[in-house]
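Atoms within a ligand are numbered from 1 in the order they appear, just like the ligands themselves. FYI, side chains are in, hydrogens and waters are out, and symmetry mates aren't considered; it's all heavy atoms of this structure. Just so it is clear, the structure is predicted and the values come from calculations on it, not from any experiment.
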Amino acid sequence: MLRRGLLFLSNSRSARKVLTGTPVTRSMSRRFVPGERVDDVLEAARAANALGLKVTGNYLGEAVHSEAAARVAANTYVTLLQRIAAEGLDANASLKFTQMGQDISDQVLDDNLGRVLAAAKEGEIFLRFDMESSDYTGRTLEAFEKLWADGWRNIGVVLQSYLKRTPGDVRRMIELGARVRICKGAYAEPPDVAWQDPAKIRAAYIESMRWLMSDGVYPGIATHDDRIIEAARDFASREGISRSRFEFQMLYGVRRDLQRELVADGYNVRVYVPFGEKWYPYLMRRLAERPENVLFMAGSMVKESPLGFLWPDPPRRNPS
Ligand code: FDA
């Protein structure tokens with residue numbers, strides 16, 4: 001019930017107008033989105049690096065339909081990459097093709113992406129292309145392969161274990177030698193293209209993950225699911241795969257306890273840090289994923305402030 005309400009609020013324009021205007025919602029959002037500006041994500045990155053966490057910065061936004069907005073997104077990434085390089089942070093960037101203007105025209109996409117890729121190359125920073133809904137999977141992978149064929153190597157993709165096509169895509173990325181982030185998948189997809197059963201999605205995830213860990217190039221294991229993380233740890237130790245050959249990835253503000261445990265155990269952990277003006281729908285989706293966070297954040301506003309980073313995560317429900 002609460003989950004549906006939160007998802008409704010994430011899409012409601014009037015709710016957005018009221019809630020984004022209140023300092024309370026803004027303050028709550030800091031748990032998952034450090035701020036709107038490049039300075040905010042850099043500050044979060046410095047703090048994460050100090051804890052031994054790597055970072056990927058993501059300027060929030062997708063399905064951009066105006067050339068001006070796509071240009072702003074590309075400029076923001078250029079600034080982000082230049083600042084990461086100038087400060088020598090242990091950070092890279094994740095972006096979406098539709099944010100660069102994929103839905104507007106190939107020309108707009110190429111111009112914007114070209115500038116971002118040049119900045120990444122200049123700063124020797126890795127760029128990850130997030131995966132969007134299944135309407136875009138084929139186009140995203142084709143665009144990625146085109147860049148690969150053009151000689152770009154500081155780039156990687158994301159594959160989603162809920163998609164039935166993913167084993168074939170994993171095979172292809174292993175053949176190319178491209179870096180893959182494997183995740184479950186975040187969009188509502190129909191049964192003809194995606195598995196619906198959480199147990200099947202997890203099993204498919206573990207299968208692709210093992211394959212990438214043994215034959216792929218430095219895979220990113222993006223999940224907060226304890227059972228998958230345990231499976232990765234077991235597989236690595238059974239197969240003698242060094243901890244330096246893969247990384248775990250989690251969202252900023254989610255399972256901070258686990259992030260630090262893994263770092264303490266010697267694993268690479270990267271935190272996905274979103275920032276930007278589009279924080280409201282992102283926040284509502286994170287709350288909907290785990291509605292207990294609403295109560296948690298309301299309480300933490302009173303208790304958290306200066307020592308917020310010490311506040312433990314709330315008790316978990318069983319991974320489903
Ligand atoms: P699951 O949702 O089952 O969560 C497992 C457990 O984690 C929960 O039981 C709970 O304990 C904890 N948890 C999860 N969410 C929480 C929250 N908000 N607050 C507190 N605890 C929480 N998707 C996509 O389609 N394209 C992409 O490019 C990406 N990129 C991406 C990058 C990174 C770094 C991550 C971590 C995730 C993505 N995703 C994504 C999202 C991904 O597909 C998936 O929707 C989420 O990670 C949730 O799936 P889990 O594997 O975490 O399992």
- Query: When the ring planes of Y267 and F248 are compared, do they come out parallel, tilted or perpendicular, using 30° and 60° as the limits?
  - Reply: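 Correct class here is perpendicular.
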
Side chain, backbone, both or neither: which part of [X] comes within less than 4.0 Å of ligand 1 when only heavy atoms are counted?
| X | value |
| --- | --- |
| Y187 | side chain |
| L251 | both |
| T223 | both |

- Query: Given R256, R181, M250, R255, which has its nearest heavy atom closest to atom 32 (C) of ligand 1?
  - Reply: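 The option holding the nearest heavy atom is R181.
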
- Task: With atom 52 (O) of ligand 1 as the reference point, say which of H224, E189, Q160, Q249 has the nearest heavy atom.
- Result: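 Closest candidate by heavy-atom distance is H224.
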
Under 3.5 Å between some N or O of ligand 1 and some N or O of [X]?
| X | answer |
| --- | --- |
| G185 | yes |
| A222 | no |
| K184 | yes |
| M131 | yes |

- Message: Can you confirm if the NZ or CZ of R179 lies within 45° of the ring axis of F126 and under 6.0 Å from the centre of its six-membered ring?
- Response: yes

One thing to verify: whether [Y] and [X] come together as a salt bridge, which I'm taking to mean a side-chain N less than 4.0 angstrom from a carboxylate O.
| X | Y | result |
| --- | --- | --- |
| R115 | D111 | no |
| R46 | E87 | yes |
| R172 | E175 | yes |
| R233 | D265 | yes |
| D226 | R255 | yes |
| K278 | E36 | no |

Only heavy atoms of [X], strictly under 4.0 Å: list the atoms of ligand 1 that pass.
| X | value |
| --- | --- |
| A186 | 23 (N), 24 (C), 25 (O), 43 (O), 45 (O) |
| V158 | 27 (C), 28 (O) |
| D130 | 28 (O) |

